[in-house]
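Since this is a predicted model, take the numbers as computed values, not measurements. Below, each value reflects all heavy atoms present in this structure, side chains not excepted, and no hydrogens, waters or symmetry copies. Numbering of ligands and ligand atoms starts at 1, following listing order.
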Amino acid sequence: MDGKSYKADSITVLKNLDAVRKRPAMYIGDTGQKGLHHLVYEAVDNGIDECLAGFANHIRVILHKDGSVSVEDNGRGIPVDIHPTEKKPAVEVVMTMLHAGGKFDKNSYKVSGGLHGVGISVVNALSKYLDVEIKRDGKIYHQRYERGLTVSDLKTIGNTNETGTKVTFLPDTEIFETADFKFDIFESRLKELAFLNAGLKIELIDERDDKKVEFNFSGGISEFVSYLNKNKEKLFEKPVYVKGEKNNNQVEVAIQYNNSYQETVYSYCNNINTIEGGTHLIGFNTALTRVINDYIKNNKISDDKLEGGDIKEGLTAIISVKVPEPQFEGQTKTKLGNSDVKGIVQSLVFQELNTFFEENPSIARLITAKCINAAKAREAARKARDLTRRKSVLDGGSLPGKLADCQEKDPAKAEIFIVEGDSAGGSAKQGRSREFQAILPLKGKILNVEKARIDKVFKNEELSTIIAALGVHLNGEMDISRLRYHKIIMMTDSDVDGSHILCLGLTFFYRYMRILIEKGYVYIALAPLYKVKKGNHEIYVYNDKELEEFFNKNGREGYSIQRFKGLGEMNPEQLWETTMNPENRKMKQVTIEDAMMADEIFSTLMGDEVESRREFITNYAKEVKNLDI
Ligand code: 0RA
């Protein structure tokens with residue numbers, strides 16, 4: 001090697017790594033928690049590529065006590081021979097030169113675009129140190145780098161009859177805002193990867209607190225669908241699985257219906273969740289709609305023509321494609337753009353599903369019946385919506401009779417309390433400040449919107465009363481310009497029943513009026529649990545912790561305790577003083593996370609899982625009670 005070209009070489013490396021270290025976000029998205037975890041995914045992706053090429057079936061991720069992480073695979077091992085033009089071991093070229101990985105790449109499903117696939121050299125550049133250990137040709141090789149620069153020659157450090165690659169690196173705290181790897185974040189992504197790559201064994205070991213999980217799903221995406229449907233009542237037992245390949249594009253689809261009304265469809269390209277969908281998803285939707293419409297027509301089941309929405313009720317599906325040159329588009333680069341993929345997915349799914357329907361007529365009947373039902377409900381919902389709209393106040397209808405409205409007409413200053421039960425409703429009406437506080441007592445239980453379709457929502461008295469009182473319309477994008485109150489306060493007993501009603505209410509807002517939560521308009525009233533009294537001195541206590549603290553401070557001597565079992569046990573003045581008066585009250589503003597949690601009770605824990613639902617609600621009630629606001 002002549003001196004000149006060697007020098008030029010080093011300068012390129014420095015320039016490259018400098019670019020990565022100067023603008024890390026350009027390569028890994030950000031330098032926060034997400035970017036930090038992305039480093040590991042980048043290394044894992046390399047191992048997965050080796051698996052997809054058929055040379056590895058095992059990946060191990062180890063989180064070490066010192067903050068470093070190892071990613072290990074049992075593939076062929078990164079080549080170590082001297083690179084013909086760079087005159088360095090191939091592994092050193094891969095590790096120190098941007099985008100050098102592709103040159104060696106024999107496997108065609110590399111991920112490009114998006115955030116993945118930037119290459120292991122980026123991980124190296126952003127690590128305080130990186131050790132690579134390669135088992136290959138009977139030997140164990142090792143090389144070390146610091147902040148991307150080579151600090152030791154590639155050396156043989158032992159013999160072995162195994163093959164594989166192990167990289168161990170410590171993310172550079174000069175670059176990253178956080179260095180704390182989260183086990184849970186890795187767990188869910190690695191589990192997803194194991195589902196998406198049938199037969200691949202992935203281990204996650206956390207040496208920091210002796211945790212270990214292992215994923216290996218021989219059933220691949222079929223098992224993924226079964227997992228998503230595990231707490232649901234299935235229309236048929238085994239997911240339908242379709243697999244095919246055309247022009248080097250691999251397609252896999254797994255489908256199962258459950259008896260809910262929700263759609264759970266995830267699409268992937270090259271193991272990346274295409275959140276914004278794309279051509280593979282369009283191909284799938286078109287094929288499924290066509291198969292079902294054809295079946296209905298050919299078997300004279302109905303004259304209805306079903307739409308996309310009708311065939312998706314209760315559908316759980318995974319669509320996974322592996323594409324040689326993926327084009328990722330959209331705002332977050334998670335929309336697949338390759339136009340040929342649409343036709344490939346569509347014709348494969350159409351063909352295979354048609355065959356499945358012909359060979360399994362009883363299942364085909366169940367699916368089509370459910371879809372026809374959905375279409376009828378869609379029509380009923382349209383009619384019910386029109387009716388609610390006509391009844392609603394701004395279209396000349398009247399406010400619900402049960403509503404005790406306030407005088408204030410400016411929504412920004414007006415509040416509505418949605419109160420459980422007539423007796424508490426009565427106290428609230430007497431105790432309120434009628435100037436700006438409206439009361440809407442609910443008699444019955446709120447409908448569980450998970451178990452009901454939108455037409456039932458409009459027919460449900462409690463829910464349609466809420467909709468009418470708020471003055472909003474429920475169709476598609478909600479128009480909140482006519483919303484009558486900017487504080488919507490749920491006031492329920494803090495027992496299991498009350499929490500149940502609260503959860504149902506939040507679920508309803510989350511599903512149908514999410515914007516109200518996003519705007520911060522929804523609140524939970526917190527009523528006191530105890531009144532503690534000594535002579536003329538009395539105070540209200542909102543939770544057990546507070547009570548404990550009070551007694552620790554003041555002693556118990558001479559105090560009497562009254563426990564409020566429900567809102568109804570308080571007289572109007574007490575209710576005003578403790579729970580409604582803006583000066584003293586404690587309210588919890590509902591966040592999207594709260595609502596999601598409530599929603600989850602009724603989606604994932606629905607139906608048969610009564611026990612876990614009960615447990616969740618009791619815990620939730622506890623949590624709300626213990627909030628220190
Ligand atoms: C290119 C060629 C060969 C292996 C690899 C890349 C490889 C890269 C990584 C990164 C992490 N684990 C890996 N395992 C393998 C093999 C060339 C040959 O053996 O002929």
Ligand-residue contact atoms, ligand 1 with Arg136, heavy atoms, under 4.0 Å: 16 (C), 18 (C), 19 (O)
Ala90 touching ligand 1 at heavy-atom level, < 4.0 angstrom: no
Within residues 125-135 or reaching into it, pairs that qualify as salt bridge (charged side-chain N to carboxylate O under 4.0 Å, His left out) - sequence neighbours excluded: Asp131-Arg144, Lys135-Glu162
Side-chain H-bond candidate by donor/acceptor type, Asp180 with Thr178, under 3.5 Å: no
Check: Asp73 N/O within less than 3.5 Å of ligand 1 N/O: yes
Side-chain heavy atoms of Leu353 within contact of Ile255, under 4.5 Å: yes
Per-atom contacts, ligand 1 versus Asn46 - under 4.0 Å to a heavy atom: 10 (C), 11 (C)
Within 45° cone and under 6.0 Å: Lys370 NZ/CZ vs Tyr257 ring: no
